[in-house]
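Just so it is clear, the values below take in all heavy atoms, side chains as well, and ignore hydrogens, waters and symmetry mates. Residue indices begin at 1 and follow the sequence shown. What you see is a predicted model, and the numbers here were worked out from it, not measured in a lab.
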Amino acid sequence: MDKLFHVIKPLASFVCFIAPSFPIHAQVQVCNAYPQQSINRLVPAGNYSGITHIKDDTYAVVSDKSESDGFFIFDIVYDSLQHKVNITNKGFYGDSSLSKGDCEGITYCKTTNTLWISKEATNTIVEYDLKGNLTGRCLSPFAHSNIRSNYGLEALAYCPATNLMWTTTESTLPTDGQAATSANKVSNYLRLQAFDMASLKPYKQYAYRMDAPVAHKKSRFYAMGVSEIATMADGRLLILEREFFVPEKYFGAFVNCKIYEVNPDKGKSINSQTPIGADSPFLKKRLVYQVKTKLNLLKQDLANYEGMCITPLHNNKYLLYLIADSQNRYKGILKDWMKVIELK
């Protein structure tokens with residue numbers, strides 16, 4: 001997400017999420033949430049904005065300012081004694097003729113053995129093979145002219161059990177009302193869009209209401225929106241709400257991240273042509289986890305988590321990886337962060 005860091009001195013981080021086999025309809029519970037870990041020594045400085053599991057210890061990661069559009073392949077191994085990850089960078093795969101796509105989200109489709117990437121610059125979702133070549137297949141969820149600048153497609157997730165791809169815009173579409181700011185206390189109204197991946201056609205759309213902002217005063221920079229979606233085995237979704245506030249003098253900046261569980265099967269779909277309003281049938285949501293990072297004189301752990309993914313079963317638990325966008329470790333102050341959360 002480009003707009004975040006052009007004005008700031010210290011900030012950053014990124015997040016990721018995928019969908020393994022939780023017991024059907026059992027509520028997701030957090031067992032342990034471990035302190036976030038700097039991965040500066042393990043990966044190139046980046047703007048990591050999305051992550052997905054492929055197989056074993058292999059993950060694909062996107063950086064929204066990579067020189068070419070494409071993805072990194074990381075081997076990520078979890079140390080269960082120290083509750084930290086070890087990462088080996090296996091290289092970048094992409095098309096050198098394509099750049100500035102603002103690659104934000106990424107998800108793996110096992111049935112086709114391909115990766116899909118959401119590009120905020122064009123607000124499209126495009127398919128790549130594992131060598132970084134475009135396949136020519138593409139999804140366009142919303143009319144580009146009806147998306148606020150820099151508040152377009154970020155979140156992206158695929159559910160093998162339902163064969164549905166899920167995405168949404170980061171903030172409210174202009175036709176659905178105001179976007180949240182640091183001063184207006186408005187809740188964003190979003191459209192969760194599912195695609196049938198057998199036909200590559202839109203399937204159903206659901207209304208989602210974000211929490212009201214915590215910030216309540218003028219800011220130097222502010223971003224409030226959904227930065228990631230993850231899918232569980234039975235079709236439920238995990239939604240990452242991210243609020244990023246930077247005051248006029250920088251210190252006092254914070255990133256507030258909340259992860260909610262929603263079940264589209266228990267909700268009512270909406271008409272894509274009808275504006276969302278206060279009386280729309282918003283999906284019910286349940287808070288799973290919240291984390292707030294800060295930048296002040298005593299604490300400099302600010303982490304803008306944009307990527308999120310669930311790992312395969314590990315010691316009878318699932319691991320939720322969050323990864324943050326550091327804007328290439330801006331000015332040597334920001335760090336690339338990951339956070340590990342145990343789920344059951």
- Val291 and Tyr318: same hydrophobic cluster, using ILVMFWY side-chain contacts below 4.5 Å? yes
- Message: Under 3.5 Å, is there a donor on one side chain and an acceptor on the other for Glu120 and Tyr151?
- Response: no
- Could you tell me whether Glu170 and Arg148 make a salt bridge, using a distance below 4.0 angstrom between a side-chain N and a carboxylate O? no
- Message: If the test is ring pair (Phe, Tyr, Trp, His ring centres under 6.0 Å), which one of Tyr206, Tyr189, Tyr208 qualifies with Phe282?
- Response: Tyr189
- Please check if any side-chain donor atom of Asn113 sits under 3.5 Å from a side-chain acceptor atom of Tyr108, or the reverse. yes
- Query: Under a single-linkage definition using a 4.5 Å side-chain heavy-atom cutoff for Ile, Leu, Val, Met, Phe, Trp and Tyr, are Val186 and Tyr222 assigned to the same hydrophobic cluster?
  - Reply: no
- Task: Check the side chains of Asn256 and Arg242 for a donor-acceptor pair under 3.5 angstrom, ignoring hydrogens and angles.
- Result: no
- Residues Thr172 and Asn188: side-chain donor-acceptor under 3.5 angstrom: yes
- Quick one: does Ser118's side chain have a donor or acceptor within less than 3.5 Å of a partner on Asn123's backbone? no
- Item | Electrostatic pair Asp301-Lys294, nearest N-O below 4.0 angstrom | no
- I would like to know whether Thr311 and Tyr321 meet side chain to side chain contact (heavy atoms under 4.5 Å, CB included); could you show each step before the answer? CA-CA 8 Å; Thr311 73; Tyr321 287 160; 3.4 Å; yes
- Task: Could you please spell out the steps behind the side chain to side chain donor-acceptor pair (under 3.5 Å) verdict for Asp75 and Tyr59?
- Result: CA-CA 6 Å; Asp75 278 353; Tyr59 295 77; over 6 Å; no
- How about Lys65 and Gln327: does a side-chain donor come under 3.5 Å of a side-chain acceptor? yes
- Note on the structure: Looking only at heavy atoms, the pair that brings Ser140 and Thr124 closest together is OG-CG2, 3.6 Å
- Message: In this structure, would Val28 and Leu322 fall into the same cluster of hydrophobic residues linked by side-chain contacts under 4.5 Å?
- Response: yes
- Item | Candidate pair Asp234 and Arg236, rule salt bridge (charged side-chain N to carboxylate O under 4.0 Å, His left out), full reasoning | CA-CA 6 Å; Asp234 60 2; Arg236 287 173 296 161; 2.9 Å; yes
- Message: How close do Ser97 and Asp95 get, counting heavy atoms only, and between which atoms?
- Response: OG-OD1, 2.6 Å
- Message: Can you tell me how the ring of His83 sits relative to the ring of Tyr78, calling it parallel under 30°, perpendicular over 60° and tilted otherwise?
- Response: tilted
- Query: Are any side-chain N or O atoms of Ser269 and backbone N or O atoms of Lys204, one a donor and one an acceptor, separated by less than 3.5 Å?
  - Reply: no
- Can the ring centres of Phe72 and Phe92 be said to be less than 6.0 Å apart? yes
- Query: Going by distance alone, is a donor N or O of one side chain under 3.5 Å from an acceptor N or O of the other, for Thr58 and Asp56?
  - Reply: no
- Message: Can you see whether Tyr34 engages Glu342 through a side-chain donor-acceptor pair at a distance of less than 3.5 angstrom?
- Response: yes
- Message: If we count only N and O atoms by modelled type, under 3.5 Å, do the side chains of Asp69 and Tyr128 hold a donor and an acceptor together?
- Response: no
- Common cluster, Tyr289/Leu343, ILVMFWY with side-chain heavy-atom separation under 4.5 Å: yes
- Hydrophobic cluster membership, Ile106 vs Ile73, 4.5 Å side-chain cutoff: yes
- Query: Should Glu241 and Lys285 count as an ion pair when the cut-off is N to O under 4.0 Å?
  - Reply: yes
- Task: Report the C-alpha separation of Thr114 and Asp129 in whole Å, then their side-chain angles, then the decisive distance to 0.1 Å, and conclude whether the side chain to side chain donor-acceptor pair (under 3.5 Å) test is met.
- Result: CA-CA 5 Å; Thr114 57; Asp129 65 23; over 6 Å; no
